[in-house]
Amino acid sequence: MRFQLSFLVFVGAATAITLNDICTSTYAQLALPAPGFYQGITIDSDSVVTTLASNYSVKDNTFFPNAAISYCNVTFAYTHDGRNDVVHVAYFVPDPSTFTNRFLATGGGGLAINSGLNTVSGGVSIGAVSGLTDGGFGSFNTQEDVHFLLANGSVNWENAYMFGYQAIHEMTVLGKEFARNVMGMQNATKLYAYYQGCSEGGREGWSQVQRFEELDGASIGAPAFRYAHQQIQHLYSNVVEKTLDYFPPPCELTAIVNATIAFCDPLDGKTDGVVSRTDLCKLRFNINSTIGTPYYCAASAGGGGFGPPGSGQPTPVQNGTVSAKAVAVAQTIIDGLHDLQGRRAYVSYQPSATFADAQTKYNNATGKWELSISGLGGEFVTRYIQLQNTSTLASLEGVTYDTLRDWIYDLWQMYEDSFQTTWPDLTKFQAAGGKVLHFHGESDNSIPAASSARYWESVRSVMYPALDYNTSTTKLQDFYRFFLVPGAGHCGANAGQPNGAWPQTSMTQLIDWVEKGVAPDTLNATVALGANKGQNQQICMFPLRPLYTGNGTEQQCVYDQESIDTWHYDLNSWKMPVY
Ligand SMILES: *[C@@H]1O[C@H](CO)[C@@H](O)[C@H](O)[C@H]1NC(C)=O
Ligand SMILES: *[C@@H]1O[C@H](CO)[C@@H](O)[C@H](O)[C@H]1NC(C)=O
Ligand SMILES: *[C@@H]1O[C@H](CO)[C@@H](O)[C@H](O)[C@H]1NC(C)=O
Ligand SMILES: *[C@@H]1O[C@H](CO)[C@@H](O)[C@H](O)[C@H]1NC(C)=O
Ligand SMILES: *[C@@H]1O[C@H](CO)[C@@H](O)[C@H](O)[C@H]1NC(C)=O
Ligand SMILES: *[C@@H]1O[C@H](CO)[C@@H](O)[C@H](O)[C@H]1NC(C)=O
Ligand SMILES: *[C@@H]1O[C@H](CO)[C@@H](O)[C@H](O)[C@H]1NC(C)=O
Ligand SMILES: *[C@@H]1O[C@H](CO)[C@@H](O)[C@H](O)[C@H]1NC(C)=O
Ligand SMILES: *[C@@H]1O[C@H](CO)[C@@H](O)[C@H](O)[C@H]1NC(C)=O
Ligand SMILES: *[C@@H]1O[C@H](CO)[C@@H](O)[C@H](O)[C@H]1NC(C)=O
Ligand SMILES: *[C@@H]1O[C@H](CO)[C@@H](O)[C@H](O)[C@H]1NC(C)=O
Ligand SMILES: *[C@@H]1O[C@H](CO)[C@@H](O)[C@H](O)[C@H]1NC(C)=O
Ligand SMILES: [Ca+2]
């Protein structure tokens with residue numbers, strides 16, 4: 001088999017192999033990793049399917065600039081020996097003339113382990129063979145939760161570990177070998193391996209960096225990695241509303257967000273509608289000042305609240321003034337989960353983020369706004385803790401702040417070695433020469449930006465306990481750089497602060513770091529929305545923070561201890577360390 005492939009490659013080399021040559025099941029079969037290449041895995045060579053796509057447009061992609069690409073989608077199945085399961089992987093092979101000796105592993109979002117064509121197409125645009133996996137969950141479109149239970153009370157642990165870290169690892173190791181073979185690379189030629197993912201995909205990226213040394217570089221956005229804390233905190237806003245017995249109309253919370261942005265925007269020295277310093281906002285803004293602010297939102301046939309128009313249920317006209325009760329709800333949410341003894345259990349969203357988890361629903365019969373339990377949080381209680389086959393949590397009856405803390409503890413213990421992904425010692429990855437670019441939208445409304453800042457600090461303090469803050473920070477930045485992205489939302493630009501830029505070319509900068517030794521001191525970012533679309537901005541590297549002088553014309557990245565301190569929290573509700 002290997003001989004035949006070399007033969008094909010050799011013959012091809014004389015005449016230059018084309019994507020068409022590669023995109024046949026015969027050729028792809030010859031490029032499969034050899035039997036025994038990965039202990040415990042047997043590839044079904046009859047399962048190979050190839051599909052050619054020409055002139056596909058990568059357009060308005062969050063992580064890659066526009067490009068027209070051609071690729072061959074090669075899929076195959078493998079099984080874990082002795083288990084009789086079936087896992088599918090797909091590798092998107094670029095035209096050999098554009099191949100840059102790169103492999104890109106990709107992840108998913110929410111409860112999906114892949115992002116379809118979205119990220120792999122960007123990978124092809126940088127000349128990488130790009131891989132995704134179905135995790136063994138049934139199909140490329142099957143989410144992880146669907147087969148998480150074998151029956152009520154009975155966890156499908158293989159799925160848990162596959163989702164946790166194993167499936168992406170296998171896809172990466174097999175994919176690197178497949179890429180070498182399919183491109184006929186010489187043994188001595190270096191194949192650079194990268195990862196790109198955000199949110200759950202960000203967690204998956206960290207799962208690889210924390211456990212393996214397969215990647216040369218990872219570009220990771222807003223990771224959902226402190227899994228138990230992260231998923232249960234989606235219910236916190238609802239429990240605040242229930243505890244304070246106030247269910248604000250969405251428009252009232254939007255008015256609070258707008259007033260917050262209006263006050264905090266200039267604190268960074270540039271009045272551009274972007275809160276580039278949510279830390280200063282935390283220190284200087286008194287949300288009580290919004291009480292009495294008038295608000296008005298027109299009736300909507302659907303989409304009232306925070307989603308795009310048409311996404312929600314019909315909402316009536318909302319016209320009023322911001323109430324003290326709404327402000328109490330907003331302030332308590334921003335303060336973050338504390339137990340009933342007042343000890344802090346988790347962090348929360350930065351001021352200026354929308355209150356997405358606090359979304360209420362309108363009851364047309366009573367004319368009142370009511371509790372709407374976050375679907376993001378509920379499933380983690382019912383399916384993942386109670387092991388019941390349902391994605392909805394029917395009620396928050398009897399649920400207190402202590403209940404939330406206890407749910408976090410349960411989820412944390414149950415999935416400490418599968419989903420909880422905050423191992424802070426990256427020594428092995430560092431020693432292997434790996435590099436990480438980690439970034440997080442500062443106004444993220446789904447995963448708190450402070451969650452990422454906490455992990456960066458955990459890695460710093462665990463890896464360099466004997467060094468002072470600045471020295472350890474410099475050491476850490478040799479291989480791990482963290483950036484808060486002003487104004488950005490969850491894994492992308494934010495319509496509420498459209499003049500904020502998004503680091504769409506982070507993969508290019510990562511490649512320059514890995515392949516040319518050019519480490520980015522600022523993240524290159526581009527405005528993706530609004531009148532300034534296309535404008536370039538540079539994002540400061542944490543712990544430095546942006547500050548504008550010259551009436552907003554000159555950006556500096558400053559060291560501000562008071563601001564840095566706002567990103568660090570004592571989670572004293574826990575006896576265990578929370579990395
Ligand atoms: C590729 O697509 C673009 C626009 O989608 C089109 O303008 C161009 O002619 C196409 N090129 C080929 C070779 O089909
Ligand atoms: C790749 O090909 C497989 C097999 O034909 C197909 O199921 C899958 O949808 C394709 N993936 C994408 C992202 O086009
Ligand atoms: C869980 O419920 C879904 C329908 O909601 C059903 O299709 C599936 O078979 C059930 N799974 C188990 C393990 O009971
Ligand atoms: C490349 O490496 C493989 C596996 O180690 C070996 O079998 C093969 O002979 C090598 N090929 C060359 C040309 O060195
Ligand atoms: C909030 O500000 C946006 C502009 O960013 C505006 O479209 C919206 O109407 C405002 N909403 C409220 C309730 O003030
Ligand atoms: C805001 O108002 C509440 C209720 O009157 C009060 O308890 C709280 O101390 C005020 N907060 C600030 C920062 O003034
Ligand atoms: C409430 O019900 C009335 C009568 O059925 C209907 O006309 C109206 O559109 C509904 N409003 C909302 C916000 O659902
Ligand atoms: C909102 O309600 C107030 C008082 O009822 C009224 O004066 C005002 O015109 C309303 N605003 C809009 C835009 O309908
Ligand atoms: C499993 O749990 C779900 C959700 O509670 C329930 O609807 C279903 O009836 C249960 N199935 C069995 C077989 O008990
Ligand atoms: C740490 O470095 C910053 C500049 O990046 C400097 O302003 C600060 O004084 C330094 N702190 C100490 C303790 O040296
Ligand atoms: C930086 O972003 C700008 C657009 O804002 C783009 O033109 C440029 O190519 C990017 N630089 C890199 C290194 O990708
Ligand atoms: C400062 O910048 C703002 C907006 O860019 C502009 O409207 C204002 O005139 C400037 N002020 C001065 C003193 O230049
Ligand atoms: Ca600003």
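Remember, it's 1-based here, ligands and their atoms both numbered in the order they're listed.
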Are there any protein N or O atoms under 3.5 Å from the N or O atoms of ligand 12? List them with distances, or say none.
| from | atom 1 | to | atom 2 | distance (Å) |
| --- | --- | --- | --- | --- |
| ligand 12 | 2 (O) | Asn551 | OD1 | 3.4 |
| ligand 12 | 2 (O) | Asn551 | ND2 | 2.5 |
| ligand 12 | 11 (N) | Asn551 | ND2 | 2.7 |
| ligand 12 | 14 (O) | Asn551 | ND2 | 3.1 |

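- Note on Glu457 versus Arg454: no salt bridge recorded, every NZ/NE/NH1/NH2 to OD/OE distance being 4.0 Å or above.
- Where the criterion is an N or O separation shorter than 3.5 Å, residue side chain and backbone included, Asn258 meets it with respect to ligand 5.
- Ring centroid separation for the pair His229 and Trp574 comes in under the 6.0 Å cut-off.
- Heavy-atom contacts from other residues, nucleotides or ligands closer than 6.0 Å to CG of Asn84 number 12 or fewer.
- Below 4.0 Å from some heavy atom of Gln388 lie the following atoms of ligand 9, by number and element: 2 (O), 3 (C), 4 (C), 5 (O).
- Other residues, nucleotides and ligands contribute over 12 non-hydrogen atoms within 6.0 Å of the CZ atom of Phe140.
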Let me see the working for Arg481 and Asp521 under salt bridge (Lys or Arg N to Asp or Glu O under 4.0 Å), right down to the final yes or no. CA-CA 9 Å; Arg481 297 185 170 212; Asp521 291 333; 2.9 Å; yes
Taking it one step at a time, do Phe380 and Trp407 satisfy side chain to side chain contact (heavy atoms under 4.5 Å, CB included)? CA-CA 9 Å; Phe380 291 93; Trp407 278 339; over 6 Å; no
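- Using cut-offs of 30° and 60° for the angle between ring planes, the Tyr161 and Trp157 rings count as tilted.
- Interface atoms of ligand 5 facing Cys251, defined by a heavy-atom separation under 4.0 Å, are 13 (C).
- Residue Asn152 has at least one nitrogen or oxygen atom sitting less than 3.5 Å from a nitrogen or oxygen atom of ligand 9, judged on distance alone.
- Aromatic ring centroids of Trp369 and Tyr246 lie 6.0 Å or more apart.
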